[in-house]
Amino acid sequence: MTSLLDELSAIAGEAFAAEGYPTGLGTVQPSDRPDLAQFQCNGALPAAKIAKGNPRAIVDKIATRLKANPIFSQVEIAGPGFINLDVSDEALARRMGALATDECLGAPETGKGKTVLIDFGGANVAKPMHVGHLRSSVIGDSLQRLFRADGWHTISDVHLGDWGLQMGQLISEIGHRGIAPIYFDPGYTGPYPQESPVSMEDLEEIYPAASAACKADTARLQEARRATAELQVGRPGYRALWEHFFKVSRVGLEREWDSLGAHFDLWKGEASVEPLIAPMIEDLKARGLAVESEGAVIVPVAEPTDKKEMPPLILVKSDGAVLYGTTDLATVIDRVKSHDPDLILYVVDQRQHTHFEQVFRAARKAGYCGKAQLEHAGFGTMNGPDGKPFKTRAGGVMKLYDLIAMATEEAEKRLAEAGLAAEYPEEERKDIARKIGIAALKFADLSNHRTSDYVFDLARFTRFEGKTGPYLQYAAVRMQSILNKADSADFTRGERVVLHTPEERGLILQLLALPNAMAGAEQNRAPNILCDYVFTLAQIFSRFYTAHHILSEKDDALRTTRLALVGLTLSVLTKVLTLLGIEVPKRM
RNA sequence: GGCCCCGUAGCUCAAUGGAUAGAGCAACAGCCUUCUAAGCUGCUGGUUGCAGGUUCGAUUCCUGCCGGGGCCGCCA
């Protein structure tokens, strides 16, 4: 089903076309002046520019045509050439009926027949997830949900960091400690033990130690580089160790993402494309796209029109090891071959923008993209109160697990303060607190523009008042509570509604705007548009709720209409929260 | 040094080139014997960093400057 806004735009577009102007000028948008009208169309102004005519004369003609359409209850000319529009109550009620019976609640079908592959999560093997992984996980998962809801075929891939220098650092550190000598014995070729010589907890301790050792001692760094290169050319003992790292890490990572509610279709990593790398480099060399330079193999990607200097993409280092740019490029080949996507979206820190620009250019030059558009959807950092990237009090990196625990604890505090859930079973209260904590983190993260940094403030994020996740959950719970009571009283929810008041009209208009919010969020890869939409919906609902008492309403027609509005609002609210990855408890 | 992003109310943040730049928090004045007082109504708060330019119209596009962050060939 097309959205109300699209229908109005089409009507206005026809009017412009009939006067000899481009259809696109008919774009109708919600009015900037709700006191004057519900909608506005500004197309007459650019039309006047095209025709070099007087906007007023054009707008008169367009308005006359629009007035002939009974969908409008008001068509007025205002200002330099704006057209203010109101839609009739009958048309709104009809639209609402259609919305209520539509399972998708009017979701746009922008992705019909198209495939998007989303690369997010950003985690590495052997490293615990920390606060830096929150944004990629939360934004990526939300985009995945949104694209799917808009009709796209979506494929998500964690694309684990499992093939670079950090692997060599781990291996050489384990060698130094003599934990598992069998993997380092050049004379031994297997089979290697089934059981991992190191646990996730071991890795969490070993990796920082290895990293520090390499930083302090260049000999150790050389050793780690050598181990990396040997792993990549397939030394059996190292490969066997690597397998253990991957398996052990995956268990821990899955647990973390489960608690965040983020899921991946594919658990591939940099190493998955290892077999593709050598042929790819051969191919690039053969075609003269890759060249040797200072002992390394590079792909120059600078273009004459560049204003900024664009360093080449380094495929093979002078020590023979490959880099993440190499695996990223090979991954494009793999993804195009396996899924033939229309779009590959990389939800990765904004600071890696240049890196992706290099990889994308190399992929295009080599013709590896198929029909896929490659796009980096970067994001800003989560900062502490000092405006610098978030740290623990001690100045270290906070683990994601600890962050979630902190949020849950804060949520429990808030519940106690508000006197909510006090008499519920312990287990249920814990579950509610967990859902609130996650909602607080996610909504705070997603409601900021993707590309901007934001300040972490847990006390603010977990409030039940204001623009927060917990507030929206509470709003949903209370709507559900009204509906439960209505069911107990055997009240029916109307199918045909009769709109009478400004509060009812305001609510229905916002409900009907859902498809546009979804389309806008998709187009800009911007979940904050959904956050704005859903918060505004809750505000408008509050106004409606305050103005009209529902369960005590004596007039059956009024009560059924209003119950229908409550039901529909709850459906839309829940749906948008789901797109944001936020769960609503049954009660609070 | 070069390049990229950002600079909006006291604070945290929004705003496809369009009317009077909006929310939340904070402050102030009202509103609960009624569906969970989650809020609602009203009020206060701005030279959109500065200076130019394009445009009928600029927070938005262009140029310069100031301030903050980031990136800049063998880490990811």
Side-chain angles (χ1 to χ4, degrees), chain A residues 27 29 31-33 35-36 40 42 45-46 48-49 55 78-82 84 122 124 127 161 163-166 169 211 214 221 225 228 270 293-298 306-319 321-325 328 348-355 357-358 378 380-381 383 387-389 418-420 444 447-449 451-455 457 460 463-468 470-479 481-486 520 523-524 528-529 531-532 535-536 538-539 541-543 545-553 566 587-588:
Chain A
T27 301
Q29 53 180 306
S31 179
D32 290 334
R33 296 283 306 272
D35 53 317
L36 298 181
Q40 62 181 334
N42 300 341
L45 294 163
K49 196 177 262 181
F82 305 110
N84 286 334
N124 296 299
K127 289 196 239 180
W163 206 231
L165 181 65
Q166 77 268 29
Q169 289 176 322
S211 175
C214 290
L221 182 60
R225 285 184 172 150
T228 307
E270 298 169 329
S293 165
E294 297 169 35
V297 181
I298 65 166
D306 283 344
K307 275 204 298 189
K308 59 182 172 183
E309 61 180 291
M310 181 62 64
L313 182 70
I314 298 176
L315 293 177
V316 186
K317 294 197 290 177
S318 47
D319 68 4
V322 297
L323 295 149
Y324 79 132
D328 276 351
V348 181
D349 194 316
Q350 191 66 38
R351 285 173 293 193
Q352 294 194 33
H353 192 74
T354 307
H355 163 73
E357 184 66 31
Q358 292 174 314
T381 56
N383 293 339
K388 300 217 168 103
L420 291 171
S447 60
N448 287 293
H449 190 86
T451 55
S452 52
D453 301 339
Y454 72 97
V455 177
D457 181 348
R460 181 160 64 81
R463 297 175 71 129
F464 290 117
E465 305 87 21
K467 194 174 177 180
T468 70
Y471 159 74
L472 293 167
Q473 288 175 311
Y474 197 25
V477 164
R478 292 187 55 172
M479 287 175 208
S481 171
I482 294 172
L483 294 175
N484 291 345
K485 288 190 174 166
Q523 203 173 1
N524 297 296
N528 69 300
I529 291 177
C531 294
D532 274 341
F535 181 68
T536 303
Q539 279 183 311
F541 179 81
S542 276
R543 233 165 271 155
Y545 172 90
T546 305
H548 307 306
H549 206 275
I550 297 154
L551 295 175
S552 67
E553 176 56 57
V566 175
R587 57 177 188 170
M588 282 167 75

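The chains referred to below are lettered A, B, ... by the order of the sequence lines, with proteins before strands, and numbering in each begins at 1.
- Contacts of A:Val477 with the nucleic acid, taken as non-hydrogen atoms under 4.0 Å apart, include base atoms.
- If you check every strand for non-hydrogen atoms under 4.0 Å, A:Gly164 touches sugar and phosphate atoms only.
- Side-chain atoms of A:Thr381 stay outside donor-acceptor range of the base of B:G70, with no qualifying N/O pair under 3.5 Å.
- Proximity of A:Lys485 to the phosphate of B:U36: a side-chain N or O atom is located under 4.0 Å from OP1 or OP2.
- Among the atoms of the strands shown, none is found under 4.0 Å from any heavy atom of A:His355.
- Using a 4.0 Å heavy-atom criterion, one finds that A:Ser452 contacts the sugar-phosphate atoms exclusively.
- Taking 3.5 Å as the limit, the base of B:A15 and the side chain of A:Asn528 contain no donor-acceptor pair of atoms between them.
- A:Asp453 comes within 4.0 angstrom of the backbone, heavy atoms only, and of no base.
- Within 4.0 Å (heavy atoms only), A:Ala547 reaches no atom of the nucleic acid at all.
- Across all strands shown, B:U36 forms no Watson-Crick or G-U wobble pair with both distances under 3.5 Å.
- Residue contacts shown for A:His549 include a base, since a base heavy atom lies under 4.0 Å away.
- As judged by a 4.0 angstrom heavy-atom cut-off over every strand, A:Thr354 is placed among residues touching the sugar-phosphate backbone only.
- Because its glycosidic torsion is within 90° of 0, B:C32 is reported here as syn.
- Side-chain N/O atoms of A:Arg225 include one lying less than 4.0 angstrom from OP1 or OP2 on B:C75.
- Using N1 to N3 plus N6-O4 or O6-N4 for Watson-Crick, or N1-O2 and O6-N3 for G-U wobble, each under 3.5 Å, B:A26 pairs with nothing.
- Contact check, A:Arg543 against B:U41: a side-chain N or O comes under 4.0 Å of OP1 or OP2.
- Within the nucleic acid shown, A:Asn484 has no heavy atom closer than 4.0 Å to any nucleic acid atom.
- Using a 4.0 Å heavy-atom distance criterion, A:Leu313 is classed as making no nucleic acid contact.
- Nucleic acid contact for A:Glu270: sugar-phosphate only, since backbone atoms but no base atoms lie under 4.0 Å from a heavy atom of the residue.
- Taking only distance into account, the side chain of A:Tyr324 meets the base of B:A76 through a donor-acceptor pair shorter than 3.5 Å.
- Looking at heavy-atom distances under 4.0 Å, A:Asp328 makes no contact with the nucleic acid at all.
- Note on A:Gln166: only backbone sugar-phosphate atoms sit closer than 4.0 angstrom, heavy atoms only; bases stay farther off.
- A:Pro470 comes within contact range of no nucleotide atom at all, as no heavy-atom separation falls under 4.0 Å.
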For side-chain contact (heavy atoms from CB on, under 4.5 Å), just list the numbers for A:Thr354 and A:Met310, CA-CA rounded to whole Å, side-chain angles, deciding distance to a tenth of an Å, and then say yes or no.
CA-CA 8 Å; A:Thr354 307; A:Met310 181 62 64; 4.2 Å; yes
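- At a cut-off of 3.5 angstrom, the base of B:U36 holds at least one donor-acceptor pair with the side chain of A:Tyr474.
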